[in-house]
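Notes follow once the structure below has been shown.
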Amino acid sequence: MVHQILRTFHALLARPTTWAGGSMAATRRGHGMATRNKIVSLNDAVALVNSGDTVACSGFVSQGAPEALLEGLGNRFRETGTPRDLTVLFGGGPGDWATKGLNHLGQEGMIRRAIGSHYGQTPMIAELVLANKIEGYAFPMGAISRMFHQVAQGGPGYLTSVGTGTFVDPVNGGGKLNEMTTVDLVDVIEIDGRRLLLFKPIPVNVAFIRATTSDTDGNLTMEHESMLGDTRQIAMAAKNSGGIVIAQVKRVADARTISPRQVDVPGVLVDCVVQVPDDKHATHHPQSYFEVHNSSWSHEVRAPMESMEPLEMSPRKIIARRAALELESSDVVNLGIGMPEGIAAVAAEERVLQYFTLTSEAGLIGGVGAGGHNFGAATNPDAIQEMSQQFDMYNGGGLDRAFLGMAQVSRGGDVNVSRISKNRLTGPGGFIDITQPTAKVIFMGTFTAKGLEMEIRDGQINILSEGSITKFVDKVGEITFSGDRAVDTGQSVLYVTERAVFERSAHADELVLIEVAPGIDIDKDILPHMGFQPKVSPNLKVMDPSIFRDCPMDLNELLFGARFEERVDYDSEGHSVFVDLTSLQVCTKADIAEMESVFSTYMRDKVVAHGGRKLHVTVSYDGFDCRDAVADEYYAMTQRLEKAYYSDVRRYAGRAFARAQLASALKMQNDDAVWARFAPAGQTAVTPKQIRQTLSEQYHINATEAQIHELSKHKNAAGLVTEEKFLSAFRHFRG
């Protein structure tokens with residue numbers, strides 16, 4: 001409290017020279033005069049930062065940076081030489097890849113230590129780290145997000161398995177970025193046989209945050225912002241550390257005129273508010289450094305999506321098409337920056353985008369993510385939640401698929417995206433948080449880099465000029481994703497390029513080549529351009545020819561084109577039929593006639609076999625599309641089936657259908673029947689990957705890392721779980 005009083009006294013003594021505020025102004029409330037007005041000048045606000053402070057900053061990539069505050073603080077140091085020796089703590093590294101955002105603080109002497117997740121947008125800070133002029137740490141973005149939460153609640157630190165096996169793991173350096181960085185901020189703790197990392201809490205002295213509107217009491221709303229980020233968590237961390245919270249806004253309202261349901265950061269957490277003048281909004285309070293305001297990002301309007309341009313035929317489109325074949329209906333998906341963004345364009349062109357939910361680690365759910373420098377925002381999102389909540393969902397296994405880029409890939413399937421060279425610092429961003437807990441991960445990138453030229457002719461690839469940079473190397477420069485750890489946790493991992501697809505398998509210590517593109521010669525176009533010799537699958541396949549045709553590839557048919565016979569399943573124990581109409585399109589009367597013929601024959605046989613006893617029927621309508629022209633005929637057909645064969649019927653969308661199937665499948669008590677689902681005939685042990693895949697495919701369970709650990713913790717030296725050990729663990733798992 002004394003510390004805060006001294007800061008405020010210092011601010012009141014400072015002479016305001018820019019952007020006049022109202023720190024001493026009175027506002028009329030009821031019949032008296034109130035003096036709680038928290039609006040101050042920019043100079044008064046930045047005067048509160050002392051040398052040696054830890055400054056935390058909101059913002060994500062180019063979105064939502066408190067530009068006015070950061071510029072003001074940078075100018076203060078440039079003019080006065082203070083404050084010095086700051087520690088800057090940030091997640092998304094708000095900046096413009098040049099001089100704005102946190103780059104304002106990238107002045108020698110101003111910063112002593114940087115603790116961040118993504119340095120790509122803050123080259124002026126990255127240069128100080130690379131030059132060994134300041135201490136530097138790079139941690140997973142989710143870890144930093146939860147560190148704010150731990151500081152806010154006075155916790156001992158953030159405990160997680162995320163980061164084990166990577167460069168963040170203390171055995172691999174603990175996230176330290178240069179020689180002068182020696183203090184350990186990450187510890188290792190083992191609980192129930194699980195090796196976990198503890199990210200230590202770091203008290204926050206000053207929080208720089210941003211919102212759209214503030215009332216004079218400091219209650220903040222974010223109606224024009226593209227995301228919520230960690231704004232509230234950062235404010236709470238600073239307040240509960242005895243620090244001070246300074247907010248930047250566009251607009252100021254009178255006290256108590258904002259609905260409490262709209263308040264994103266309560267005024268009790270905010271000490272000072274700086275209002276950016278109207279004529280400075282475009283430069284100092286844009287939604288993004290590269291777009292002043294996009295109403296569809298903040299859901300003020302819903303933008304038409306028909307205008308999304310298809311990708312031109314290129315390596316990027318080929319890679320995106322092949323990766324898109326790994327999608328399944330109702331998947332919750334994360335698309336990384338760069339190459340993975342092409343999947344959204346392919347899905348839109350193929351008219352299947354509505355069958356998946358795209359998300360961003362910044363907290364966006366649904367819609368279509370903005371690309372390039374505007375990464376993190378989304379057009380027409382369904383929901384926007386705080387970043388820490390999004391990482392809670394991710395880390396708990398809430399993603400079905402993750403598509404990320406790859407700069408380097410090693411013999412063992414390790415991936416590096418965080419430190420491409422000694423002279424280039426990027427950091428992991430949300431990469432580690434996304435890739436480690438997700439059951440299926442697809443890495444995407446060209447086979448080589450810098451100078452790759454190719455042509456696609458008659459559905460085949462011809463390499464005209466090979467890239468000068470080898471991306472598949474014997475050992476990566478820094479481990480951002482661990483192939484060995486993926487095997488231990490049963491993840492399914494693919495590495496997709498324009499000419500080949502690789503897999504990291506539990507049955508091999510190195511990558512396995514499983515697919516090649518038409519026209520590609522393995523001995524000429526693949527093996528000579530790798531830093532190691534991969535294993536070649538005995539079942540090597542040619543990539544789907546439709547990927548390489550310069551016309552729509554009919555992705556809907558490839559993903560969801562199951563015949564009617566494959567869409568019906570019977571459970572004899574419950575005398576139940578499950579009808580899966582997921583993503584089915586019914587366009588003609590002929591479609592309806594075929595459906596009725598197949599389903600009627602199937603159900604009639606089951607009813608007759610049980611002496612006329614009708615069926616319990618469960619139907620999935622997730623993504624189902626019946627054209628208006630045949631809707632009446634379809635409805636009449638369902639009524640005929642229901643009258644003839646149904647005892648009762650339940651209709652679901654989304655994962656509810658899978659849950660209904662799961663309830664039936666888990667009734668099996670016979671160990672032999674259970675084991676047969678997990679292991680092929682004659683197999684006496686299974687891998688963690690087999691367990692994870694079977695739970696997904698047979699039981700519709702998206703198992704978490706902790707669950708896989710419990711089911712496979714008794715694996716032998718070869719990494720296999722025997723039948724006896726597995727069945728014992730599964731009985732406990734099933735309850």
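Using a 4.5 Å heavy-atom cutoff, the side chains of Ile134 and Val129 are in contact. Side-chain contact between Val249 and Val274 is absent, with no heavy-atom pair separated by less than 4.5 Å. With a 4.5 Å cut-off on side-chain heavy atoms, Leu228 and Met222 count as touching. The closest side-chain heavy-atom distance from Asn395 to Arg146 is below 4.5 Å.
Across all non-hydrogen atoms, the minimal contact from Leu404 to Gly336 is CD1-CA, 3.9 Å.
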- Please test Leu48 against Cys272 for side chain to side chain contact (heavy atoms under 4.5 Å, CB included), starting from the C-alpha separation and ending with a verdict. CA-CA 10 Å; Leu48 293 168; Cys272 298; 3.6 Å; yes
- Task: Using the side chain to side chain contact (heavy atoms under 4.5 Å, CB included) rule, take Asp331 and Tyr355 through it: C-alpha gap first, then chi angles, then the decisive distance, then the call.
- Result: CA-CA 8 Å; Asp331 273 353; Tyr355 301 136; over 6 Å; no
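Counting only residues at least two apart or on different chains, the ring pair (Phe, Tyr, Trp, His ring centres under 6.0 Å) pairs with a member in residues 222-258 are His224-His293. Annotation: ring pair (Phe, Tyr, Trp, His ring centres under 6.0 Å) contacts involving residues 48-79, sequence neighbours excluded, are absent.
Taking the six-membered ring where the residue is Trp, the centroids of Phe139 and Phe199 are separated by under 6.0 Å. A centroid separation of less than 6.0 Å is found between the aromatic rings of Phe90 and Tyr119.
With rounding to the nearest 0.5 angstrom, the CD atom of Gln385 is 4.5 Å from the CD atom of Gln390. Atom CZ in Phe403 sits 4.0 Å away from atom CD1 in Ile442 (nearest 0.5 Å).
Salt bridge present: Glu223 and Arg251 bring a charged side-chain N and a carboxylate O closer than 4.0 Å.
Of the possible donor and acceptor atoms, one in the side chain of Asn205 sits under 3.5 Å from a partner among the backbone N and O of Thr54. The main-chain N or O of Val204 is found under 3.5 Å from a side-chain atom of Ser241 such that the two form a donor-acceptor pair.
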